[in-house]
Amino acid sequence: MNMNYTAEELAFRDEVRAFLDEKLPADIAAKVKGFRKMTKEDHQRWQKILVDQGWYASHWPEEYGGVKWTPVQKHIWDEESCAYGAPRTVPFGVNMVAPVIIKFGTEEQKQYYLPKILSGEHWWCQGYSEPGAGSDLASLKTRAVRDGDHYIVNGQKTWTTLGQHANMIFCLVRTNTEVKNQEGISFLLIDMNTPGISVRPIITLDGEHEVNEVFFQDVKVPVENLVGEEDKGWTYAKYLLTYERTGLAGIGMSKAALTHLKELASRRLKNGKPLLEDPTFGQRIAKVEIDLMAATISNLRIIAAVEGGGVPGAESSMLKVKGTEIRQAINDLARRAIGPYALPFIEEEMSLDYEGEFLSDENAAPLSAQYFNNRKLSIFGGSNEIQKNIVSKMILGL
Amino acid sequence: MDFTLSEEQQMLQDTVARLVRGEYSFEKRLEFSETELGFSEDFWKQLGELGLTAVPFPEELGGFGGGGVEIQSVMTELGRGLCLEPYMQSVVFGGGILSQAGNDAQKEKYLEGVASGELKVAAALQEPQAFYNQNEVETRAEKSGDGYTLSGRKAVVIGGHCADVFIVSARTSGDVRDADGISLFAIDANAEGVERRSYPTIDGAKGCDVFLDNVKVGADALLGEEGKAADVIEYQTGRAIAALCAEAVGCMEEANELTLEYLKQRKQFGVPIGKFQVLQHRMVDMMSELEQARSMAILAASYADAEQNDERRRTLAAAKSVINRAGHFISESGIQMHGGIGMTWEYSFAHYAKRLVMIGHQLGDDDFHLERYASLLEAS
């Protein structure tokens, strides 16, 4: 049993910190730490810095621009970059479609798509969920019919995160209606500028435009945009989902959010004393901090197992449930910490350019919106109910 | 023991229910929320014309001296419609303070307008750093001439953006958290030195912070005895809490109905998702929480106008504590069971969820009321 980092890992951590000290733009970090809105340009600026450093596609094979970090190194990067306020990488290109292309794509597809993900020329979004296919993803109905050297795609995708910025979408489509749901699905790469595609915003309860509906009407997609074999898309989709899930525990994000909460609770007062020193509120914070401590070690145990050659399986589902519950609990406390000021919804105070006086705390304005927005954490990437079904089936054999 | 409403009370509730159903569709509510006023002027007028804004006032003001149960009947239906009008703020809370603490001249001056809805009053009692403790008052009222000069700041006054009159608490003596030494003043919202910073709230309503900079008022602005307002504030806050509890129950009823309907019609894996046991149990928990909340709202209503004592204090603290927790649970569970749809602006559920969580931030959160209850625990 040794829970300490090795000398090499400590050296790596120093290297990461030095990089973040030097290269992370202060305005972007301020936005992330204060839950401010990120623009497309912010994401792209940070991506360029990471690509130049060679750390953007850290888990890709070296021949395509990866660096082969160990699972522990990835963990160190996650913790440190979150603590510094680095933005979370928009995952759809580099972390989601890329691993599928690398594992199942043709050499031509790798040569064509991977460099464009690195350069930022392609901004990907995910075409999985449909109005009728959420938790039951395999029941999806978007149809792709082969017509010569094209597929003709008709249907609708929904909850497409940041689809308004994207110029590429990877889609699960139905190519065979004669077989079981899972067996008639294919994985298609589609240019968003193809005629017949339209994007409609979905506004969420916090007034945000983050997700979209994407409509396909007689959209012509060249057959070379099929990944792997026709009708085998479900296998690739599942491969991608395990990738998605490991990141969803969000331990690093929770740590950063907890720091933010404690700073906030040190500034806000109750009975003339900092809220952090109030026994009732202090216990609420203590409880979530303890939960996070346990989840951090659980996360490290999975990482150590993977480093030893194991495969992250259903354990990542367990961690997704715990991790998202913890993040939601921290958001809940941040909202509570500002008392009645949870009510005012002052959008201009959420902008970094705001020069007026803050109504209460400088970080108060986005907190209620953030709390409501992050109810999504237990819904997306496979709802927490679905994750529990996976654990129940795969680990417990029930 | 009889938990049914009297015929008159039922008629009152049906009247409000009909009005809300007719005038307050979800789509219209979104439109009202977007206006500068932040609610429907027309609906507010109708509440006045139908005598609903007069409910708690005596006959000569057009009312019938309605108590907690009558207010509960009105507020539950306003809650079901997510109505944005400042009924609780002006009629229940503001009107209540004026009725209890005002002298004849002050009642004469204000109450007719409050009861008809023509005058909107907002109680501006909490302060930025007070964290729900309404006895924490830094705003000062200094004697000057035969009147007072007020300076300070009041926080998150819902409905304050459109108020004609503010009822402001200010310290005339004592230390910042002393119950003794707090006085109440009725001040013209447009008086010199009164500034408001208005804003929308996340649940679709509007409010403001009130900044008082050497506001000069006459001795006739003082409500009740100088320095002795803490009891009035506590008592009337209790009535306002009972009203909020009723509103919350209306919201929860609607939120639960929407969720149950969704469980029945949304199909995944070839069956309605309501067939899955994990969702069934959660829906049952939502129903149980609503029933607990309903019980406490009824209890709160029956104590709202009772004589002040520790039993009343405990009951109202208990009610708000249960309501806050139930609202929070129903809000989060309902969103989770709806999935993404429950988080969309276009769908009414999301707005019930927001209102329920925000009720928990008005007049004390669950910690505040739990601590208050604990401080009043009986030894046996």
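Just so we're clear, the structure is a prediction, and the values are computed from it rather than from any experiment.
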Would you indicate whether the side-chain heavy atoms of Q236(B) and F93(B) approach each other to under 4.5 Å? yes
Is chain A contacted by the side chain of Y199(B), its backbone, both, or neither, given a heavy-atom distance below 4.5 Å? side chain
Could you walk me through whether F166(B) and C208(B) pass the side-chain contact (heavy atoms from CB on, under 4.5 Å) check? CA-CA 11 Å; F166(B) 286 122; C208(B) 69; 4.1 Å; yes
Greatest number of non-hydrogen atom pairs under 4.5 angstrom with chain A, of E371(B), H328(B), Q268(B), falls to Q268(B)
From CA spacing to verdict: salt bridge (charged side-chain N to carboxylate O under 4.0 Å, His left out), R267(A), E362(A): CA-CA 11 Å; R267(A) 292 193 298 269; E362(A) 59 177 314; 5.3 Å; no
Chain B contacts, top residue of S360(A), A138(A), A337(A) (heavy-atom pairs, under 4.5 Å): A337(A)
Counting only heavy atoms not in E195(B), do more than 12 fall under 6.0 Å of its CD? no
Heavy atoms only, distances under 4.5 angstrom: which of D278(A), D332(A), N181(A) has the most pairs with chain B? Name it, please. D332(A)
Heavy-atom distance under 4.5 Å to chain B: side chain of L343(A), backbone, both or neither? both
In terms of heavy-atom proximity below 4.5 Å to chain A, should L363(B) be classed as side chain, backbone, both, or neither? neither
E346(B), E332(B), H351(B): which one forms the most heavy-atom pairs within less than 4.5 Å of chain A? E332(B)
Quick one: do R29(B) and E254(B) make a salt bridge, cutoff under 4.0 Å? no
Could you tell me whether a side-chain N or O of K322(A) sits under 3.5 Å from a main-chain N or O of D291(A), the two making a donor and an acceptor? no
Which one of R177(B), M343(B), Q126(B), K267(B) has the most heavy-atom pairs closer than 4.5 Å to chain A? M343(B)
Structural part of L275(A) lying under 4.5 Å from a heavy atom of chain B: side chain
Checked V357(B), V278(B), N133(B), I335(B) vs chain A; the most non-hydrogen pairs under 4.5 Å come from V357(B)
Chain B contact via N271(A) - side chain, backbone, both or neither, heavy atoms under 4.5 Å: both
Chain A shares the most heavy-atom pairs under 4.5 Å, among L279(B), L370(B), I158(B), I341(B), with I341(B)
Calculate, to the nearest 0.5 Å, the distance between atoms OG1 and CD1 belonging to T160(A) and I202(A) respectively. 7.0 Å
Interface moiety of R284(A) toward chain B, non-hydrogen atoms closer than 4.5 Å: side chain
Best-contacting candidate, K388(A), Q328(A), R335(A), against chain B by heavy atom pairs under 4.5 angstrom: R335(A)
Honestly, the part of H338(B) sitting under 4.5 Å from a heavy atom of chain A is neither
What part of Q129(B) lies closer than 4.5 angstrom to a heavy atom of chain A: side chain, backbone, both or neither? both
N384(A) backbone acceptor or donor facing S378(A) side chain under 3.5 Å: no
Look only at the side chain of Q370(A) and the backbone of F35(A), and say whether a donor-acceptor pair between them is shorter than 3.5 Å. no
Would you mind telling me which of Q362(B), E136(B), R266(B) has the largest number of heavy-atom pairs within less than 4.5 Å of chain A? R266(B)
Check this for me: Q277(B), atom CD, are more than 12 non-hydrogen atoms of other residues, nucleotides or ligands nearer than 6.0 Å? no
Proximity breakdown for E210(A) and chain B, heavy-atom pairs closer than 4.5 Å: neither
Give the intermediate values and the outcome of side-chain contact (heavy atoms from CB on, under 4.5 Å) for residues F131(B) and R268(A). CA-CA 9 Å; F131(B) 213 73; R268(A) 304 306 294 170; 5.6 Å; no
A133(A), part contacting chain B, at a heavy-atom distance under 4.5 Å: backbone
When you look at H361(B) and Y341(A), which way does the side-chain contact (heavy atoms from CB on, under 4.5 Å) test go after all the steps? CA-CA 8 Å; H361(B) 286 270; Y341(A) 283 108; over 6 Å; no
